[in-house]
**Student:** 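My questions all concern the structure below.
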Amino acid sequence: MKELVGVIAKALVEHPEEVVVTEEEKDGETVVTLKVAASDMGKVIGKQGRIARAIRAVVKAASAKTDQKVIVDITQ
């Protein structure tokens with residue numbers, strides 16, 4: 001999931017070199033943390049959170065094969 005989130009985020013932002021994606025296990029869930037530059041936060045979140053919701057939907061669909069819950073957290 002880490003690679004998937006990274007590819008999507010780098011395609012959206014103006015500073016792809018500042019995109020950092022980490023992945024860790026917590027309580028049986030996988031938490032994927034996406035960090036982008038402050039100037040790119042709006043592009044990753046989108047109007048009314050539509051882009052962020054779409055990223056989470058794609059990750060949820062991709063994780064359905066493994067029957068594991070994946071949470072995408074977007075930070076600066």
Side-chain angles (χ1 to χ4, degrees):
M1 294 305 129
K2 177 180 174 180
E3 296 83 17
L4 175 62
V5 173
V7 169
I8 293 170
K10 287 179 182 177
L12 292 171
V13 299
E14 287 186 26
H15 304 287
E17 67 279 355
E18 293 187 36
V19 173
V20 178
V21 182
T22 58
E23 186 176 70
E24 71 179 82
E25 287 285 323
K26 283 188 179 176
D27 303 323
E29 301 173 341
T30 303
V31 179
V32 178
T33 304
L34 170 62
K35 292 185 181 182
V36 296
S39 60
D40 289 328
M41 278 301 278
K43 290 180 176 70
V44 174
I45 294 174
K47 287 187 179 181
Q48 297 178 352
R50 289 183 183 162
I51 305 265
R53 243 180 288 142
I55 292 171
R56 289 182 176 115
V58 169
V59 170
K60 182 177 179 182
S63 68
K65 288 184 178 180
T66 61
D67 290 330
Q68 186 174 14
K69 186 173 181 180
V70 179
I71 299 169
V72 178
D73 186 28
I74 301 170
T75 61
Q76 275 181 317

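Here the structure is a predicted model, which is why all the values come from computation and not from measurement.
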**Student:** Measuring only between side-chain heavy atoms, which start at C-beta, is Gln76 closer than 4.5 Å to Met41?
**Tutor:**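 Sidechains of Met41 and Gln76: in contact.
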
**Student:** Is any side-chain heavy atom of Val13 closer than 4.5 Å to one of Val19?
**Tutor:**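 Yes - at least one pair of side-chain heavy atoms lies under 4.5 Å apart.
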
**Student:** Could you give me the CA-CA distance, side-chain angles and deciding distance for Thr33 and Val21, then say whether side chain to side chain contact (heavy atoms under 4.5 Å, CB included) is met?
**Tutor:** CA-CA 6 Å; Thr33 304; Val21 182; over 6 Å; no

**Student:** What are the two closest heavy atoms between Ile74 and Ala52, and how far apart are they?
**Tutor:**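 That would be CD1-CB, 3.8 Å.
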
**Student:** We want to know whether Glu25 and Thr30 form a side-chain donor-acceptor pair, criterion being a heavy-atom distance below 3.5 angstrom.
**Tutor:**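 A pair is found: one side chain offers a donor N or O, the other an acceptor, under 3.5 Å apart.
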
**Student:** Answer yes or no: is there a side-chain heavy-atom contact under 4.5 Å between Ser63 and Lys69?
**Tutor:**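 Not in contact.
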
**Student:** Should Val58 and Val5 be regarded as members of a common hydrophobic cluster, given that ILVMFWY residues are connected when their side-chain heavy atoms come within less than 4.5 Å of each other, either directly or indirectly?
**Tutor:**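 Yes; Val5 is reachable from Val58 via cluster members.
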
**Student:** If you round to the nearest 0.5 Å, how far is CD1 of Ile51 from CD1 of Ile45?
**Tutor:**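 If I round to the nearest 0.5 Å, the distance is 10.5 Å.
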
**Student:** If we only count heavy atoms from C-beta on, is the Ile55 to Leu12 side-chain gap below 4.5 Å?
**Tutor:**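 Answer yes - side chains close enough.
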
**Student:** Provide the full list of side-chain hydrogen bond (donor to acceptor under 3.5 Å, both in side chains) pairs with a residue in residues 1-23, sequence neighbours left out, each pair given once.
**Tutor:**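 Every side-chain hydrogen bond (donor to acceptor under 3.5 Å, both in side chains) pair that includes a residue of residues 1-23, provided the two are not neighbours, is Glu14-Lys43.
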
**Student:** Do Val32 and Asp73 have side chains that get closer than 4.5 Å, going by heavy atoms?
**Tutor:**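 Heavy-atom side-chain distance check fails, nothing below 4.5 Å.
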
**Student:** Do the non-hydrogen side-chain atoms of Val59 and Ile71 ever get within less than 4.5 Å of each other?
**Tutor:**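 They are not in side-chain contact.
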
**Student:** Would you mind listing every salt bridge (charged side-chain N to carboxylate O under 4.0 Å, His left out) that reaches into residues 49-64, with sequence neighbours excluded?
**Tutor:**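 Sorted pair list comes back empty.
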
